[in-house]
Amino acid sequence: MVAEPGRGVPAVVCAMLGTGLIGGALAGTWLLGSAEAVPPAEAAYQRAAGLWHTEPVDSLFPPVLAGDGAGPGGADRRWTRIAVDAGTGCGAWALRYGCAHELRATYTDATRSSVIGAGLVFTAGAPRPAAPAVPAGAYGVADAARGSWTVSVLRDAPVVVYTVSGFADGRRVATPRPAASAMSTSDVSAVGQAGLGYEAQAVADRLERALRREAAAPTGAPR
């Protein structure tokens with residue numbers, strides 16, 4: 001079929017322009033969608049900020065923590081949660097990091113000879129820098145009974161994880177020792193010999209893993 005003079009060319013041009021506009025619109029939509037997509041790491045960071053009110057306590061403070069090879073000399077350990085304090089505020093120690101909400105729990109080892117007070121400090125934005133200091137007000141461990149401790153300021157979540165270990169009988173400890181020091185083979189103190197450094201560090205490590213696991217999974221996704 002031959003196009004009529006004066007009508008064929010404009011029709012072709014209009015068809016080409018229409019195709020171009022549609023293609024441009026689709027490309028723009030694709031680019032806009034790509035720009036708005038949140039990277040997985042950032043999405044996990046954002047989810048972590050709200051875990052204290054979106055997830056059940058058992059997800060953040062598991063009832064039982066297994067510590068295969070986590071004790072002195074590679075001995076297996078196991079801790080059971082014996083108390084939880086969901087709280088609504090922040091202790092003075094936690095406020096140093098810009099605390100917005102603090103969750104606390106208490107664990108004990110299988111022999112019930114030690115107790116470990118654990119805390120998750122959810123901060124308003126990235127945690128503020130703070131000089132390392134033994135946590136005060138640990139749940140289940142009186143300040144005078146603090147034996148060993150560790151604090152971890154997470155980079156991939158607005159959370160500070162801390163643990164404080166002590167003797168279950170509540171005996172006083174003159175100088176609480178950082179977990180790294182208490183775990184040293186050269187530490188001959190009662191705290192070091194009792195493995196309280198291992199208790200604090202191992203529980204903190206497992207709580208960090210639990211928190212990261214929850215942050216990485218979208219709300220409602222099977223764990």
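From a predicted model like this one, the values you see are computed outputs, not experimental measurements.
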query: Judged by atom type as modelled, is there a donor-acceptor pair below 3.5 Å linking the side chain of R171 to the main-chain atoms of F167?
result: no
- prompt: Taking R146 for the side chain and D143 for the main chain, is one N or O donor matched with an acceptor at less than 3.5 Å?
  reply: yes
query: Under the 3.5 angstrom rule, does the side chain of D76 hit a backbone N or O of G69 as a donor-acceptor pair?
result: yes
- request: If a pair satisfies salt bridge (Lys or Arg N to Asp or Glu O under 4.0 Å) and one of its residues is in residues 108-136, list it, with sequence neighbours excluded.
  value: none
task: Taking the side chain as every heavy atom from C-beta outward, state whether Y107 and L65 have any atom pair closer than 4.5 Å.
output: yes
query: salt bridge (Lys or Arg N to Asp or Glu O under 4.0 Å): which pairs involve residues 176-192, sequence neighbours left out?
result: R177-D187
query: Are any non-hydrogen side-chain atoms of E199 and S148 less than 4.5 angstrom apart?
result: no
NZ/NE/NH1/NH2 to OD/OE distance under 4.0 Å, D58 and R81: yes
task: Please name all residues satisfying side-chain contact (heavy atoms from CB on, under 4.5 Å) with R172, sequence neighbours left out, ordered by chain then number.
output: A144
- prompt: Under 3.5 Å, is there a donor-acceptor pair between the side chain of H101 and the main chain of A86?
  reply: yes
message: Considering only residues two or more places apart or on different chains, which pairs with a residue in residues 93-179 satisfy disulfide bond (SG atoms under 2.5 Å apart)?
response: C90-C99
message: With rounding to the nearest 0.5 angstrom, report the CG to CG distance, L60 to L120.
response: 6.0 Å
- line: Residues joined to Y162 in its hydrophobic cluster, side chain to side chain under 4.5 Å directly or through other members, sorted by chain and number, are W93, Y97, V115, V121, V134, V141, W149, V151, V153, V160, V164
task: Can you establish whether the number of heavy atoms outside R78 located under 6.0 Å from its atom CZ is more than 12?
output: no
query: Apart from Y198 itself, what residues make up its hydrophobic cluster, given side-chain heavy atom links below 4.5 Å?
result: M183
Test item: T108 side-chain N/O and S114 main-chain N/O as donor-acceptor pair under 3.5 Å: yes
